[in-house]
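Remarks on the structure that follows.
These numbers were taken from a predicted model, which means no experiment stands behind them.
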Amino acid sequence: MRARALPVLALLALARGAGAGCAELGRCCPGRDLSCVSSGWRPDRAHGACYCDQACGRSLDCCHDYPRACPVTPCTVSEWSDWSGCAEPCKATYRVRRRHVVQEQRNGGEACPPLEEKAGCVEYWTQQGVECNHALLPALITTGGYGKARRKRAASSENERAGYCVEFQLAAITEGCLHGNSSYTRWMRYLSEGHIACVECQHPALHSRSLHCYGDGSGSKKNQLLHWQAVGNPQCRGTWKRIRQLDTCSCPSVHSFLFI
């Protein structure tokens with residue numbers, strides 16, 4: 001048991017609350033607080049000064065009712081919101097999703113996790129419904145899991161055109177692809193030199209006039225090295241060679257990406 005020098009206020013509280021414990025003291029104090037003192041039985045079966053602060057668990061001088069009167073409560077948060085639209089149209093930027101605190105941590109409980117996440121994206125339409133008319137090179141890609149969320153915000157189904165997939169052989173990859181610690185950048189670790197990447201071109205990245213996605217390598221020479229960049233991590237980029245276009249997409253779950 002740790003030694004404590006009781007301040008005058010603590011001694012007065014002890015005198016008033018003899019035998020009280022934490023419940024009657026009505027306090028559950030963070031950290032180490034010498035004034036958060038009561039009287040009662042302790043875990044060492046001694047009776048006398050006992051404490052209701054977080055440090056008492058380590059020093060074994062908690063009041064007998066500390067676990068009941070001051071339960072450890074971890075922070076709880078809500079489910080993630082849907083992903084927002086891109087911050088700005090017609091450029092590589094980011095989307096956001098958020099969650100809020102339902103219950104704050106108490107009595108040394110687990111701290112709250114991050115309440116906001118960002119992921120790279122590009123919108124090809126302005127808020128006024130005008131199509132963006134500039135090419136984004138090199139090819140910008142993101143995880144295939146972004147496809148479902150993007151379709152929800154796409155134009156109405158009668159304006160959609162059928163997409164396609166392109167297979168590339170990855171030639172060079174920067175080390176920056178391995179250094180993303182956020183949940184929305186972990187997919188970049190599946191990029192491996194020599195592997196075949198399957199990249200889907202879908203609405204709204206599918207350009208309405210050319211019927212191609214920017215950077216898909218159409219028109220390139222055989223074995224020509226083409227450049228790509230991962231949206232959400234500018235340090236993750238590299239080169240690949242176009243193998244073939246697939247009019248019917250059947251991309252595997254791993255090494256499956258989207259043109260942005």
Side-chain angles (χ1 to χ4, degrees), residues 1-84 87 94-121 143 145-146 148-149 175-190 232-236 254:
M1 184 175 67
R2 61 181 166 185
R4 302 205 193 202
L6 294 181
V8 175
L9 290 178
L11 289 171
L12 292 175
L14 181 60
R16 290 195 303 268
C22 296
E24 194 156 327
L25 181 66
R27 296 181 65 194
C28 299
C29 308
R32 178 176 179 175
D33 187 344
L34 298 182
S35 69
C36 200
V37 60
S38 185
S39 178
W41 293 102
R42 299 190 298 265
D44 59 2
R45 299 183 180 181
H47 188 279
C50 60
Y51 293 85
C52 304
D53 60 0
Q54 290 178 14
C56 74
R58 295 188 298 273
S59 54
L60 301 179
D61 53 6
C62 298
C63 295
H64 66 93
D65 63 345
Y66 178 78
R68 174 175 53 84
C70 305
V72 174
T73 304
C75 173
T76 56
V77 296
S78 66
E79 296 295 324
W80 286 110
S81 67
D82 292 335
W83 284 104
S84 69
Y94 63 89
R95 55 196 168 109
V96 180
R97 66 176 182 174
R98 297 182 175 89
R99 55 188 173 185
H100 61 271
V101 175
V102 176
Q103 171 68 58
E104 294 282 359
Q105 70 180 95
R106 297 178 57 191
N107 306 319
E110 186 176 351
C112 294
L115 301 179
E116 179 179 286
E117 283 190 344
K118 293 182 179 179
C121 70
T143 173
Y146 177 43
K148 293 181 180 179
E175 291 186 3
C177 299
L178 301 176
H179 298 156
N181 295 321
S182 301
S183 60
Y184 61 86
T185 60
R186 292 193 186 110
W187 65 270
M188 300 173 191
R189 300 181 183 183
Y190 291 106
N233 180 2
Q235 304 305 317
C236 180
V254 180

**Asked** Between the side chain of D33 and the main-chain N/O of D53, is any donor-acceptor distance below 3.5 Å?
**Response** no
**Asked** Looking only at the SG atoms, are C63 and C22 under 2.5 Å from each other?
**Response** no
**Request:** Measure the spacing between SG of C52 and OH of Y66 and express it to the nearest 0.5 Å.
**Result:** 8.0 Å
**Prompt:** Sub-3.5 Å donor-acceptor pair from the side chain of R95 to the main-chain atoms of E117, do we have one?
**Reply:** no
**Request:** Scan for salt bridge (Lys or Arg N to Asp or Glu O under 4.0 Å) pairs involving residues 64-73, sequence neighbours excluded, and state none if there are none.
**Result:** D65-R68
**Fill in**
Applying side chain to side chain donor-acceptor pair (under 3.5 Å) to R98 and not counting sequence neighbours gives E116
**Asked** Quick one: side chain to side chain contact (heavy atoms under 4.5 Å, CB included) partners of C236, sequence neighbours excluded?
**Response** C177, M188, L191, W228, A230, N233
**Fill in**
Residues R42 and G48: closest non-hydrogen pair is NH1-C, 3.7 Å
**Prompt:** Does E110 CD have over 12 foreign heavy atoms under 6.0 Å away?
**Reply:** no
**Fill in**
Nearest heavy-atom approach of R97 to D82 is CB-O, 4.0 Å
**Request:** Identify, with sequence neighbours excluded, every residue that meets ring-ring contact (aromatic ring centres under 6.0 Å, His included) alongside W41.
**Result:** H47
**Item:** Set of side chain to side chain contact (heavy atoms under 4.5 Å, CB included) partners for C28, sequence neighbours left out
**Value:** C70, N107
**Prompt:** Got a sec, which pairs hit side-chain hydrogen bond (donor to acceptor under 3.5 Å, both in side chains) with one end in residues 70-79, sequence neighbours left out?
**Reply:** S78-H100
**Asked** Can you name the side chain to side chain contact (heavy atoms under 4.5 Å, CB included) partners of E104, sequence neighbours left out?
**Response** V101, C112
**Prompt:** Atom OG in S39, atom CD in E24: separation rounded to 0.5 Å?
**Reply:** 11.0 Å
**Asked** After noting the C-alpha distance and the side-chain angles of C62 and C56, does the key distance pass the disulfide (SG to SG under 2.5 Å) rule?
**Response** CA-CA 5 Å; C62 298; C56 74; 2.0 Å; yes
**Closest approach of Q54 to P30 (non-hydrogen atoms, all atoms of both residues)** = NE2-CA, 3.5 Å
**Fill in**
Heavy atoms of G109 and V72 approach each other most closely as CA-CG1, 3.5 Å
**Message:** Rounded to the nearest 0.5 Å, what separates atom CH2 in W80 from atom CG in L115?
**Reply:** 7.0 Å
**Prompt:** Is there a donor-acceptor contact under 3.5 Å from the side chain of R27 to the main chain of S38?
**Reply:** no
